[in-house]
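Notes follow once the structure below has been shown.
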Number of protein chains: 2
Amino acid sequence: MPLTDSATVMIAAEPTMPLCFLRGQRIHEAGAMGFPWRVSRGVVRFDTTEIDGELSFAGLAMEGDLVGAEVLMFGRFAHRATALTSCQLEPWPGRMGQDRDSLLQALARAEQRAADVVALRSGQAMARVCRLIELLLPRAATTPLKAELPPLRDMAEITALTVETVSRMLSGLRRQGALEPDRERRGNGSKSCRVSRELLVAA
Amino acid sequence: MPLTDSATVMIAAEPTMPLCFLRGQRIHEAGAMGFPWRVSRGVVRFDTTEIDGELSFAGLAMEGDLVGAEVLMFGRFAHRATALTSCQLEPWPGRMGQDRDSLLQALARAEQRAADVVALRSGQAMARVCRLIELLLPRAATTPLKAELPPLRDMAEITALTVETVSRMLSGLRRQGALEPDRERRGNGSKSCRVSRELLVAA
DNA sequence: CGAGCGATTGAACCAGGTCAAACGGGGTGG
DNA sequence: CCACCCCGTTTGACCTGGTTCAATCGCTCG
């Protein structure tokens, strides 16, 4: 699973190997051509182009979700896709064709994810941030439990809060011990920090 | 296209005729069994059951979108569905089977709708309410342009505002002439009111 | 008629937004 | 190596848009 930069994705031939992206890397632009993927690890952020040409947050894809299935229909990606956390994508459909059940499952997953995202924009700021962190927790349970947090800017746009508010909520969580207080690497490096799920849901 | 009450939907045999629902009528409960539909007119609201058992707004389905495709996969509806405006549903798939393209198209529509809903929860209160009203405008252009507004409670839950705020925004729009000032029937009657799209986007 | 419910409006409050300043680490150029 | 800048983050102080609470209205239905 080689690391790539976004340019590598603009390949003409159908990919056969999984691709890895680092936190913040572009996966594809809206309107670009390419092939569909399935998220095998991490979280992908979608942005849509508004009528005024601005890009705005449109959704998330998590482990098992499809990315860009619409290219099979329309030949172009509908949204910009970015790696919210470092993530791994595998070509879809792999060796199996797109059978009815895979597509139905993808549809059900998409609706579930949409409901998750809507929930991230309901309720008080602290609750939203906590729910987002929970979503970002790795699917495979690990000890100690660690989460790779996206830049505050992303967390703010996803929760419809401001970076300042998100920062204050994270400070609060650290004060309560729900989050590891240590600052982490900046840049593209992994920014995992230990999380206490109990204290998170309590907050 | 006969009017029905929600009980009628709990039929065991696959439906062959379109069904109509009035504003506010239940279409199906989360976890119920039934068959998938396609919205041919109006707007449907989905609610999901949270971990604590509470129901909360999860999404919308508009003209052309599928409702409850997941029953083909899991045998049960994932969400509660309610008629946000009076609407017409037709059995899906109709005489055509669920071919690859229909499913892909449904997937693309679902993602588009999810992005719409997310956008309804961004920005200032007035902008959210205006965007929601635009979404509720009938797809087929009519003169004069009329929209059937859901109860304020629904509009509030969809936009993540309070009923009081929504009411104030609607009052503002009426004052500006973007909305017909006349009060409309309550209850299940149609509650259409004239809308000026220009004044709406200006507000 | 009275109960009940959705809608409306006013007044007070506050959670979160806004603005501003400062920090800290990484990268770059001298 | 250091100086400098850039950018993401943090924190404080203030302000406001939206929430909250409460009262009222209008319509429907029993």
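So that the names make sense, note that chain A is the first sequence line, chain B the second, and so on, each numbered from 1.
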Here the distance between atom P of D/dT9 and atom CG of A/Asp154, to the nearest Å, is 9 Å
May I ask you to check whether A/Glu148 and A/Ser192 show a side-chain donor-acceptor distance below 3.5 Å? no
Could you tell me the separation between the CZ atom of B/Arg174 and the C1' atom of C/dT8, rounded to a whole number of Å? 9 Å
Value in whole Å for how far the P atom of D/dA13 lies from CD of A/Glu164: 15 Å
Between B/Arg175 and A/Thr165, who's closer to the 5' end of DNA chain C by nearest nucleotide? B/Arg175
Looking only at C/dT8, D/dT10, D/dG18, the nucleotide nearest the B/Leu161 side chain is D/dG18
D/dG18 phosphate, OP1 or OP2: any side-chain N/O from B/Arg128 under 4.0 angstrom? no
Residues B/Asp116 and B/Gln112: side-chain donor-acceptor under 3.5 angstrom: yes
Of the nucleotides C/dA7, D/dT11, D/dT19, which has the atom closest to the B/Ser167 side chain? C/dA7
Looking across every strand, which nucleic acid part, if any, lies under 4.0 Å from B/Ala160 by heavy atom: base, sugar-phosphate, or nothing? sugar-phosphate
Could you work out which one of D/dG17, C/dA15, C/dG17 sits closest to the side chain of A/Gln124? C/dA15
Could you state the atom-to-atom distance from CG of B/Leu170 to P of C/dT8 in whole Å? 7 Å
Under 3.5 Å: donor-acceptor pair, side chain of A/Arg76, backbone of A/Ala32: no
Using a 4.5 Å cut-off on heavy atoms from C-beta on, say whether the side chain of B/Arg26 contacts that of B/Arg80. yes
Whole angstroms only, please: what is the CE-P distance between A/Met169 and C/dA15? 10 Å
Send over the distance from A/Glu157 CD to D/dT9 P, rounded to a whole Å. 12 Å
Minimum-distance nucleotide to B/Thr162 side chain [options: C/dT18, D/dT19, C/dG16]: D/dT19
Of the listed nucleotides (C/dC19, C/dT9, D/dG17), which one gets closest to any side-chain atom of B/Arg168? C/dT9
From the options C/dA20, D/dT20, C/dA7, select the nucleotide whose nearest atom is closest to the side chain of B/Leu152. C/dA7
Classify the angle between the aromatic ring planes of A/His79 and A/Phe46 as parallel (below 30°), tilted (30 to 60°) or perpendicular (above 60°). tilted
Let me know the distance between CG of B/Leu173 and P of C/dA7, rounded to the nearest Å. 16 Å
OP1 or OP2 of D/dT11 sitting under 4.0 Å from any side-chain N/O of A/Ser171? yes
Between atom CE in B/Met155 and atom P in D/dG18, what is the gap in whole Å? 15 Å
